[in-house]
Number of protein chains: 2
Amino acid sequence: MATTSLHASPEHPAGPRRRDAAGTRQLLLDAARRRFAAHGYTGTTVRDIADEAGVNVALISRYFTSKEGLFEACLVGAVDELSHAVAPDVTLDGVPSAIAEHLAGTGVGSRPDQFLLLLRSSGDEQADRIRRNTVHSFAERLATAAGWRPGHPDGDRIMLRAQVALATGFGIVLLRSSTGLEPLSSAGPQDLLPPMRDLIDALLREPGPR
Amino acid sequence: MATTSLHASPEHPAGPRRRDAAGTRQLLLDAARRRFAAHGYTGTTVRDIADEAGVNVALISRYFTSKEGLFEACLVGAVDELSHAVAPDVTLDGVPSAIAEHLAGTGVGSRPDQFLLLLRSSGDEQADRIRRNTVHSFAERLATAAGWRPGHPDGDRIMLRAQVALATGFGIVLLRSSTGLEPLSSAGPQDLLPPMRDLIDALLREPGPR
DNA sequence: GCATGTTGTAAACATCTGCTGACTTGGTGA
DNA sequence: TCACCAAGTCAGCAGATGTTTACAACATGC
């Protein structure tokens, strides 16, 4: 545990750099993402993060100004994650599989628990604004796939349904990580796909007002 | 604000009792429920709770042993809330309206944000067990309404779908309270009902395996 | 009145938390 | 070689946090 206090991967074939600002910055970011996602903002201490990263506490202030600064940096990572989860120009047919794969964590670099950062408030106004904007724009992306356009006659109705679908996604991630609810927690993308397909179809694919 | 530091409702026609153990206990419980639901366990301090209840901090330890004890007491309230949200013998037809009404907070004594307590971990093992059991049993209730029985041939498939539906409920409450996402946040039960009906139908009302 | 148990108050405690400042260590260019 | 600066360490501060302890105010039974 205390054998290599500096870097997680001590063996580095060509250049085992010991003093690497970008490297330790990344170590801190990774550790913080895990901690914040698992325990929330107030439930995570800077010493927790530093220990998990194997890095001195003071470096958090150096590289990210403050705990809030570090949280914001984590947040943009989560924003990126969500952006890549479903492409901006996705069609309604592609939505269920994209969601199923990213929720199950089998996407290429997908880390589903990062979505939780978007739900964990830090109390910081700036961070909260990022969270809100991200969730909002993603809901619009989903609604757009369902035919929504700004100023659409019953745009509110479609948007509401898109947001309900989005809520399902967040709820699944939350239930999986928060409670070990089975069979949901260990469901793979192939398990999640059928219900998600039915759900998206029912919510977003109806021709006109009922 | 500091006019009546003792009880929330100063005017009490017959007997404005000042020394009322059960009363102050309840004041603490109510304040704690609000605080814990809004800011999570670690984000809430005992002094916050005591101040909001207009009660001395030390009484938390007296009446609930510890902060964790108070959280557990809040949790059983949330369990009760969830139990009353949907009756144990509900039929599949009654589920959507029950959910819509309780999510929108228009039920008789329904406080939807209390559901959040079931998602906010305190790190306490006992409390976490309560949370898990409650969510699990509620998922079973939902699955039962969809025809699930213990040992059912493809019970896992039905249960998974029930849990996805449950996830939607939690996700909606979370999005409403965490982000001010519109139109979801200000949607009333009449707005929520149609999508919930479609969702429940699609997830839980299919005759056989596809 | 007065002893007794209950309810509420105030202050302090030990620890934790975020952050800072002075310092050491290591690499690099002149 | 050595000055210089970036990277990392260490100890500590000031405030917050959960909890406890000693005490005061109130009600009730005798």
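Each chain gets a letter, A, B and so on, in the order the sequences are listed, and its residues count up from 1. Worth knowing before you read on, the calculation uses all heavy atoms, side chains too, and leaves out hydrogens, waters and symmetry mates.
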Item checked: Atom-pair distance (CG on N56(A); P on dG26(C)), nearest Å -> 15 Å
Next item on the list: For dG8(C), take OP1 and OP2 only and decide whether either is under 4.0 Å from a side-chain N or O of T24(B).
Entry: yes
Note to self: What is the separation between atom CG on D48(B) and atom P on dT19(D), rounded to the nearest whole Å?
What the structure shows: 14 Å
Next item on the list: Could you label the plane-to-plane angle of the F71(A) and F36(A) rings as parallel, tilted or perpendicular, counting under 30° as parallel and over 60° as perpendicular?
Entry: perpendicular
Check: If only atom types and distance count, is the side chain of D30(A) paired as donor or acceptor with the main-chain N or O of L27(A) below 3.5 Å?
Finding: no
Next item on the list: Under 4.0 Å between any heavy atoms, over every strand shown, what does T42(A) touch: base, sugar-phosphate, or nothing? Just pick one.
Entry: nothing
Notebook entry, point to check: How would you label the contact of V57(B) with the nucleic acid (heavy atoms, under 4.0 Å): base, sugar-phosphate, or nothing?
Noted result: base
Next item on the list: Could you tell me whether a side-chain N or O of Q163(A) sits under 3.5 Å from a main-chain N or O of E182(B), the two making a donor and an acceptor?
Entry: yes
Note to self: Please report the distance, rounded to the nearest Å, between CG in D20(A) and P in dG26(C).
What the structure shows: 16 Å
Check: What integer distance in Å separates D51(B):CG from dG18(D):P?
Finding: 12 Å
Check: Rounding to a whole Å, what distance do you find between F71(A):CZ and dG18(C):P?
Finding: 13 Å
Next item on the list: Among R132(B), R120(B), R131(B), find the one that has a side-chain hydrogen bond (donor to acceptor under 3.5 Å, both in side chains) with S178(A).
Entry: R131(B)
Checklist line | Nucleotide nearest R19(B) (side chain, heavy atoms from C-beta), chosen from dG18(D), dT9(D), dA25(D) | finding: dA25(D)
Notebook entry, point to check: Would S83(B) and D80(B) count as having a side-chain donor-acceptor pair, cut-off 3.5 Å?
Noted result: no
Item checked: Length of the line joining Y41(A):OH and dT17(C):C1', which is rounded to integer Å -> 11 Å
Note to self: Between R25(B) and D20(B), is there a side-chain heavy-atom distance shorter than 4.5 Å?
What the structure shows: no
Item checked: Side chain of R47(B) - closest among dA25(D), dA7(D), dA12(C) -> dA12(C)
Check: Nearest-Å distance, CD1 (I49(A)) to P (dC19(C))?
Finding: 10 Å
Checklist line | Sub-4.0 Å heavy-atom contacts from residues 58-70 of chain B onto DNA chain D, ordered by number | finding: A58(B), S61(B), S66(B), K67(B)
Note to self: Looking only at the side chains, is there a donor atom on one of D128(B) and S121(B) sitting less than 3.5 Å from an acceptor on the other?
What the structure shows: yes
